[in-house]
Amino acid sequence: MAKQLLLIDGNSIVFRAFFAMHNQMEKFTNQAGLHTAAIYGFKLMLDHILKEVQPDAALVAFDAGKTTFRTEKYADYKGSRDKTPGELVEQLPYVRKLVEASGLHAYELVNYEADDIIGTLAKEGDQAGFETMIVTGDRDLTQLATDHTTVAVTKRGVTQTEEFTPAYMQEKLGVTPRQYIDVKALMGDSSDNYPGVTKIGEKTAVSLIQEYGSLDGLYENIAAMKKSKRKENLINEEKIARECQDLATIRRDAPLAIGLKDIAYQGPDEAALIDLYQELDFKSFLKELGAQEGGAQVDQAPIEYQVLDEDNMALVDQLGATVCFQLEMPDANYHESPLAGFVIGDGKRWLVSRNADLLTTAPLKKLLEDPAVERDVFNAKAQLVGLHRLGVDLAGVDFDLLLASYLLNTSENANDLGVLAAAHDYHQVQTDEEVYGKGAKRAIPADDEVFFTHLAKKARAIRDLKEPLYQQLTDNEQLPLYEDIERPLSAVLAHMEITGIHVDAATLKEMGSKLVEREAELEQAIYQEAGEEFNINSPKQLGVILFEKMKLPVIKKTKTGYSTAVDVLEKLADRAPIVQDILAYRQISKLQSTYITGLLKVIHQDDQKIHTRYLQTLTATGRLSSVDPNLQNIPVRLEEGRQIRRAFTPSAPGWKIFSSDYSQVELRVLAHVTGDKNMQADFLAGKDIHAATAKRIFHLQSEDEVTPNMRRQAKAVNFGIVYGISDYGLAQNIHVSRPQAHEFIQSYFKEFPGVEKYVHDIVELAKQQGYVETLTHRRRYLPEIHAKSFTQRSFAERMAMNTPIQGSAADIIKIAMIRMEKALKERGLRARMLLQIHDELVFEAPEEEIAILEELVPSIMDSAVKLDVPLKVESKSGATWYDLKK
DNA sequence: CACTTCACG
DNA sequence: ACGTACGTGAAGTGG
C-alpha cells in the first residue's frame with residue numbers, strides 16, 4: 001500500500017473552527033479566561049482525520065504573516081479582510097502546541113502562504129508515490145487535486161468534509177483542477193480581493209474555460225469570438241485576468257527548508273498533550289487519555305514496600321517519629337466500608353498489609369495512639385472513624401493532605417488522593433478509579449503487587465506533598481485556618497458522626513402508613529381530574545396532561561419541556577382543582593420517599609442511630625455538607641413535614657434534645673464586613689433587623705409603621721444583598737416589577753452606603769487578586785470574574801459578594817464547635833453534640849444538664865469571634881427534635 | 001447519567 | 001440585549 005501523506009491548511013481550519021463554534025465561544029474558556037473554542041474545534045478535526053488517514057508523514061502549514069510575494073506584486077491582495085478577532089489570535093500559539101504535541105509537524109515560510117507549502121509538498125508526495133490527503137477550509141486548494149492527491153474541504157462544522165478528486169471536480173464543477181485556476185482568474189475572488197474580469201461570474205467563467213480549455217486557449221482564440229460586451233471586457237482586461245491567474249495559482253515550487261523525509265508522523269507525545277489539555281481545561285480529552293492509556297501520565301516506576309504480618313511486626317518499631325498512614329476504605333461511606341488494608345511508612349520504608357486487624361495489635365496500635373508521633377494522612381476524619389471501628393483511637397494528625405488541598409483551593413474539591421496529587425503537579429500516584437475501577441466493576445485488586453504498590457505510593461504522595469502544601473498554606477496566611485480550625489474540627493466531626501443521632505423507626509413507619517393512604521387518595525383524585533392514569537412523578541407526563549390535554553397556560557419552560565415546578569403550579573392553582581392536588585401529592589411523596597423510606601434505610605440496626613457523614617472539603621464557601629443521609633435538610637417549614645422530627649429522639653431515657661442557633665448570623669457578618677454604620681447601629685440596638693430595614697428603606701418615622709408586607713419585602717432585600725443582589729432576582733422573589741425591585745435596591749443602598757461600597761469593592765478586589773476571602777482567610781478563586789459573557793461574569797460577581805458572608809458565618813460556627821467539644825469534655829458533661837445545620841448546633845443531654853447547656857452553649861457560640869456587632873444565639877430544648885421550645 | 005423537583009440553611 | 005438570586009443532597013424519570 002502506498003504511503004500516506006497528510007497536509008493540513010492550519011490557518012483556514014482554525015478560522016473555520018473559530019466561526020463554526022462562534023455561538024458557543026464563551027462556553028469554551030479556560031480558568032485563565034483564554035478562549036479555547038477554535039483549539040477545541042481543531043482538535044476535533046485532527047481526531048477525525050487521523051482516524052480516517054493513518055499518515056506516514058504529516059504536516060500542518062501556517063501562514064507566516066500578512067505580507068507575501070503576492071502582496072508585494074499586488075498591493076490589494078487580501079486587502080479587504082477584517083482584522084482577525086483577538087479571541088482567535090490568542091488561540092493560534094496553542095493550536096501550534098497542539099499540532100506538535102499531536103506528533104504532526106508545523107511549518108511556515110516567510111513570504112509564502114500555507115497553500116504554497118501544501119502545494120509544494122503535495123507535488124513532492126505525488127512524485128515519491130505517496131497518497132496525499134489535504135485538509136482545508138478553502139476551496140481554492142481543490143486545484144491541487146490529482147489522481148493521488150485528494151483535497152478534503154470542510155463543510156459546516158470542521159469534522160465533515162467534502163473530498164475533491166479530479167473526477168469529482170469534473171462531475172461537480174465541470175472543470176479539471178488545473179482549469180479551476182483559470183475559472184478563478186476570470187471570476188475573481190472577493191474574499192481575497194482580486195477582481196477577475198468585469199461581469200464574469202462563476203457560471204460564465206466555467207463555460208468559457210470549458211469551451212476554450214484554458215485561459216491561454218481563450219486569448220489565443222479571442223479574435224474569433226462573436227462581438228459582444230463580454231468580448232470587449234475580456235480583451236480590455238486581459239492584464240487583470242493574467243494577474244488574477246497568477247494570484248490564484250498555488251505555488252508548487254516554494255523554497256521549503258523541509259521535505260517529506262523531515263515530516264514523518266510518529267504519533268502523539270502524550271505527556272505534552274496532557275500538559276496542554278490541563279492548561280486549556282480540556283477535561284474530556286484528558287479523560288480520554290487516562291482511559292485509553294490507563295493513566296499514562298502517572299509515573300509507573302515501582303516502589304519498594306514490605307508486607308507486614310504477625311511475624312515481622314518488629315519492622316514497625318523501626319519506623320521514625322513521623323509516619324504517613326492510610327487505612328484503605330474503598331467505599332465512600334467509611335462507617336460501613338470494608339477495611340481493605342493499610343500502609344504505614346516514614347519515607348525509608350513502606351509497610352503494607354491487607355489485614356486491617358493488625359492495627360489493633362501492640363506496636364501499630366501504640367504508634368497510632370501515641371501523642372508524640374507525628375502522623376500524616378489523607379482525610380483525617382475518615383481515618384478517625386475507620387480506626388475507631390477497630391477500637392483504635394488515632395491520637396492526632398499533623399498533615400492532612402485532603403484538608404490542606406481543599407483550603408488551598410476550595411473549588412478543587414475532589415475526594416481522591418491521586419486526583420488531588422495531580423492537581424498539585426505530582427504524578428507518581430494513580431487515582432482510585434484507575435486502580436480499583438468504577439461502578440459495578442470497582443474492586444480491590446486481587447494482585448498484591450498492584451494493590452500494595454498503590455497503597456505505598458499513596459503514602460509516599462502524602463509525604464512528598466507535605467512540605468510544599470504547608471508552604472503554600474503559609475504563603476496564603478492560611479496556617480491558622482488549617483491548624484486552629486479545620487484540623488481540630490475534623491476530630492470534632494468524626495466524634496459527632498460516630499455518636500450518631502437516635503431515630504425511632506416505629507414513629508417513622510407509623511407516619512409512613514398514614515402518608516401512603518393520603519398519597520393513594522390524592523393519586524385517585526388526580527387521575528379522576530385528568531381523565532386518565534399517568535405517572536404523576538414524571539414532569540414530562542404531567543406537562544402533557546396540564547398544558548396539552550387541559551390547555552392550562554404555559555408559565556415557564558425548562559430545557560426539556562414545560563416546567564411544573566411549585567412556583568408555576570401556584571400560579572395555576574385557581575384555574576383547575578387538579579393543581580392543588582398535585583402540589584399536595586408532591587409534598588407527600590417527597591416526605592414518603594426521601595424522609596420516611598429514605599431515613600428508615602439508614603438507621604443502623606445495632607444502635608438504632610443514624611450516622612451521617614459531614615463533608616468537610618466539598619463546598620466552595622467553607623460550609624459543611626451532610627450525606628448518607630443528609631441531616632441538614634430535615635423538614636421544618638411546613639407542619640406536615642416537621643412531624644418527621646418527632647422520630648429524632650435522645651438515645652437514652654431521661655435525656656433531651658437541645659439546640660442553639662445563631663440569629664441572623666449572615667446579616668451580622670454583613671454588617672461587620674461592610675462596616676456599614678446604620679446596619680451596625682440597628683444590630684447594636686438589638687432591633688428586629690428586617691423591620692429596621694423596612695423602616696429605613698420605606699422612609700418611615702418609626703418601626704410601628706412597618707406593615708407585615710413591608711417587613712417581608714425588606715427581609716427579601718436583605719437576603720438578596722447576601723446572595724449578591726440583582727433587580728431581576730429580587731423581582732422574581734417578591735413578585736414585584738423589575739423597576740420596583742430596582743427602586744428597593746437603590747433605596748437600600750442609600751440607607752446602607754457601607755453595603756453599597758462593599759458590593760462594589762469586593763467585585764473589584766476579586767478582579768484584582770482573582771479570589772475572595774472570609775474572616776479566617778478561607779479562599780475562593782473566581783476566574784470567571786473576567787469572563788466576557790454577562791451571565792458567567794455576573795455569577796462570579798455574586799459569588800464574590802456572597803462567599804465572604806456565607807463563608808465567614810461558616811468559620812464562626814466551626815470555631816464554636818471546636819470550643820464546644822472542648823468545653824463539654826473539660827466540664828465532664830455527658831451532653832453530646834450531634835448535628836450542625838449551618839447556623840445551628842443540636843445536642844442530646846441528660847435532663848439535668850439542660851440548664852447548664854442553656855448558659856454554656858450560647859456563651860461559647862456568641863464569643864466564637866469578636867465582630868463589630870454582637871452575635872445573638874437562641875436556645876430551645878424538648879423531648880424530641882420536633883418538640884423544641886424556648 | 002442528565003435533568004427536574006424539592007427539602008434545608 | 002444579555003438573563004440569575006447564594007450554598008447544599010436525594011429521589012424519581014427517562015435516555
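Here is how names work: the chains are called A, B, and so on, in the same order as the sequence lines, proteins then strands, and each is numbered from 1.
In this structure, A:Arg668 atom CZ and B:dG9 atom P are separated by 17 Å, rounded to whole Å. Atom CG in A:Asn733 sits about 21 Å away from atom P in C:dG3, given to the nearest Å. When rounded to the nearest whole Å, the span between CD1 of A:Ile644 and P of C:dA11 equals 13 Å. Whole-Å rounding puts the A:Arg586 CZ to C:dT13 C1' distance at 12 Å. Atom NE2 of A:His838 is separated from atom P of C:dC6 by 16 Å (rounded to the nearest Å). Note: CG (A:Asn333) to C1' (C:dG9) measures 14 Å, nearest angstrom. Taking atom NZ of residue A:Lys557 and atom C1' of nucleotide B:dC3, one finds them 16 Å apart after rounding to whole Å. One atom, OH of A:Tyr585, and another, C1' of C:dT13, lie 12 Å apart when rounded to the nearest Å.
Both geometric conditions, a ring-centre gap below 5.5 Å and a plane tilt below 30°, are fulfilled for A:Tyr728 over the base of C:dT4.
In this structure, A:Arg779 satisfies the cation-pi test against A:Tyr771, with its NZ or CZ atom closer than 6.0 Å to the six-membered ring centre and inside 45 degrees of the ring normal. With A:Tyr728 as the aromatic partner, A:Arg738 does not meet the cation-pi criteria of under 6.0 angstrom to the ring centre and within 45 degrees of the ring axis.
Within the nucleic acid shown, A:Gln541 comes within 4.0 Å of sugar-phosphate atoms alone, with no base atom in reach, counting heavy atoms only. Looking at heavy-atom distances under 4.0 Å, A:Ala810 makes no contact with the nucleic acid at all. Counting any heavy atom pair closer than 4.0 Å across all strands shown, A:Met801 reaches no nucleic acid atom. Among the atoms of the strands shown, only primed sugar atoms or phosphate atoms (P, OP1, OP2) are found under 4.0 Å from some heavy atom of A:Asn537. Contacts of A:Ser563 with the nucleic acid, taken as non-hydrogen atoms under 4.0 Å apart, involve only primed sugar atoms and P, OP1 or OP2. Residue-level contact check: A:Gly720 touches the bases, meaning some heavy atom is under 4.0 Å from a base atom. Among the protein residues, A:Thr564 comes within range of the sugar-phosphate backbone only, with heavy atoms under 4.0 Å from sugar or phosphate atoms but none that close to a base. At the heavy-atom level, A:Thr803 lies nowhere under 4.0 Å from the strands shown. Within the nucleic acid shown, A:Leu615 comes within 4.0 Å of sugar-phosphate atoms alone, with no base atom in reach, counting heavy atoms only. Using a 4.0 Å heavy-atom distance criterion, A:Ala716 is classed as a base contact. Residue A:Ile805 is classed as having no contact, given no heavy-atom separation below 4.0 Å to the nucleic acid.
Here the two rings, on A:Tyr40 and A:Phe282, have centers that are under 6.0 Å apart.
For C:dG7, its base never sits under 3.5 Å from the side chain of A:Arg780 at any donor and acceptor pair. A donor-acceptor contact under 3.5 Å is formed by the side chain of A:Ser726 with the base of C:dT4. With hydrogens and angles ignored, no donor-acceptor pair under 3.5 angstrom links the side chain of A:Lys559 to the base of B:dC3.
Taking 4.0 angstrom as the limit, A:Arg798 places none of its side-chain polar atoms (N or O) nearer than this to OP1 or OP2 of C:dA5. Between A:Ser625 and C:dG9, a side-chain N or O to OP1/OP2 separation shorter than 4.0 Å is present. Residue A:Thr560 places at least one side-chain N or O under 4.0 Å from the OP1 or OP2 atom of B:dT4. Put simply, A:Arg637 has a side-chain N or O that comes within less than 4.0 Å of OP1 or OP2 on B:dC8. Side-chain nitrogen and oxygen atoms of A:Thr558 include at least one within less than 4.0 Å of the OP1 or OP2 phosphate oxygen of B:dT4. Contact between the side-chain N/O atoms of A:Ser794 and the OP1/OP2 oxygens of C:dG3 is not found at any separation under 4.0 Å. Contact between the side-chain N/O atoms of A:Lys540 and the OP1/OP2 oxygens of C:dG15 is found at a separation under 4.0 Å.
In this structure, B:dG9 and C:dC6 make a Watson-Crick or G-U wobble pair, each of the two defining distances being under 3.5 angstrom.
Considering only side-chain atoms of A:Asn802, the nucleotide from C:dG7, C:dG3, B:dC8 that sits closest is C:dG7. Comparing atom distances between the A:Ser593 side chain and each of C:dG12, B:dG9, C:dG3 picks out C:dG12 as nearest. For A:Phe790, whose side chain is taken as the heavy atoms from C-beta onward, the closest listed nucleotide among C:dC2, C:dG9, C:dG7 is C:dC2. When each of C:dA10, B:dG9, C:dT4 is scored by its nearest atom to the side-chain atoms of A:Phe795, the top-ranked nucleotide is C:dT4. The side chain of A:Pro539 approaches B:dT5 more closely than any other nucleotide in the set C:dG7, B:dT5, B:dC6. Minimum atom distance to the side chain of A:Pro635 is reached by B:dC8, of the listed B:dC6, C:dG7, B:dC8. Comparing atom distances between the A:Gln587 side chain and each of B:dG9, B:dA7, C:dG3 picks out B:dA7 as nearest.
C:dT4 and B:dT4 are spaced 13 Å apart, taking the P atom of each and rounding to whole Å. A gap of 16 Å separates the P atoms of C:dA5 and B:dC3, to the nearest Å.
Between A:Glu666 and A:Arg623 there is a salt bridge, since a side-chain N of the basic residue sits under 4.0 Å from a carboxylate O of the acidic one. The pair A:Glu532-A:Lys549 counts as a salt bridge, with a side-chain nitrogen and a carboxylate oxygen less than 4.0 angstrom apart.
The aromatic rings of A:Phe534 and A:Tyr527 sit perpendicular to each other, their planes meeting at more than 60°, with 30° as the lower class boundary. Between A:Phe648 and A:Trp881, the ring-plane angle classifies as perpendicular under the 30° and 60° cut-offs.
Side chain of A:Asp661 to main chain of A:Glu840: no donor-acceptor pair is present (N/O by atom type, distance under 3.5 Å, no hydrogens or angles). Of the possible polar contacts, none joining the A:Thr774 side chain to the A:Ser808 backbone as a donor-acceptor pair under 3.5 Å is found. In terms of modelled atom types and a separation under 3.5 Å, the side chain of A:Asp628 and the main chain of A:Thr612 share no donor-acceptor contact.
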Item to check | Criterion side-chain contact (heavy atoms from CB on, under 4.5 Å) on A:His604 and A:Ile610, from CA distance to verdict | outcome: CA-CA 6 Å; A:His604 283 236; A:Ile610 289 179; over 6 Å; no
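A heavy atom closer than 4.0 Å to some atom of DNA chain B occurs in A:Gln632, A:Asn633, A:Ile634, these being the qualifying members of residues 627-634 of chain A.
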